[in-house]
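Since the structure comes first, as structure tokens, the remarks are kept for the end.
In what follows, residues are counted from 1 in the order of the sequence shown.
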Amino acid sequence: MDAKVTLSFNKEIIGQAKQFADQNNISLSRLTEFLLKQITTGEYKSLDELPVADWVNQLAEGKAEYHTKVRKRKDMKGEYLSSKK
């Protein structure tokens with residue numbers, strides 16, 4: 001049986017959480033429930049002990065891929081120096 005709960009969060013955090021939930025095809029309510037279940041069913045004594053990577057991996061669709069451009073040192077130096085003007 002579901003129960004309603006009213007919580008207050010920073011607007012920016014809620015926006016990011018909604019985006020994350022949408023990207024993972026889950027409602028914000030179910031995401032919150034999932035996270036609370038992970039916290040309460042484990043034997044955690046502090047926030048530092050929470051296995052953040054575990055739940056991120058469970059919700060993620062595969063490994064993260066990082067796409068970066070190869071930049072020349074000369075270009076980076078020029079960009080840096082122009083930003084200091």
Side-chain angles (χ1 to χ4, degrees):
M1 173 185 220
D2 287 350
K4 282 197 167 226
V5 176
T6 302
L7 303 170
S8 297
F9 295 95
N10 176 293
K11 286 182 183 180
E12 188 176 312
I13 298 298
I14 287 297
Q16 292 171 351
K18 284 181 180 179
Q19 254 184 340
F20 182 84
D22 286 343
Q23 291 169 352
N24 290 281
N25 299 318
I26 188 171
S27 71
L28 185 56
S29 293
R30 292 297 168 226
L31 175 61
T32 305
E33 179 181 10
F34 175 79
L35 295 173
L36 291 174
K37 183 176 182 183
Q38 293 297 321
I39 293 168
T40 58
T41 57
E43 296 180 16
Y44 310 112
K45 295 178 181 142
S46 72
L47 291 175
D48 294 331
E49 294 179 1
L50 293 177
V52 174
D54 292 345
W55 65 263
V56 170
N57 288 332
Q58 289 176 3
L59 293 176
E61 295 179 12
K63 290 187 177 184
E65 294 181 25
Y66 299 96
H67 302 278
T68 59
K69 295 180 183 177
V70 177
R71 295 171 49 185
K72 294 181 183 176
R73 186 169 188 248
K74 183 179 177 181
D75 294 338
M76 289 190 298
K77 182 179 177 182
E79 184 180 316
Y80 172 78
L81 292 174
S82 67
S83 72
K84 295 297 179 183
K85 291 181 181 180

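- For the residue pair Ala17 and Leu31, the shortest heavy atom distance occurs at O-CD2, 4.1 Å.
- Both Leu28 and Phe20 sit in one connected hydrophobic cluster of ILVMFWY residues. Membership requires side-chain heavy atoms under 4.5 Å apart, directly or through other members.
- Annotation: the span from Gln19 atom CD to Asp22 atom CG amounts to 8.0 Å, rounded to 0.5 Å.
- Of the possible donor and acceptor atoms, none in the side chain of Asn24 sits under 3.5 Å from a partner among the backbone N and O of Ile26.
- Hydrophobic cluster membership is shared by Ile14 and Val5, with clusters built from Ile, Leu, Val, Met, Phe, Trp and Tyr side chains linked at under 4.5 angstrom.
- Taking CZ from Arg30 and CG from Asn25, the interatomic distance works out to 15.0 Å, rounded to the nearest 0.5 Å.
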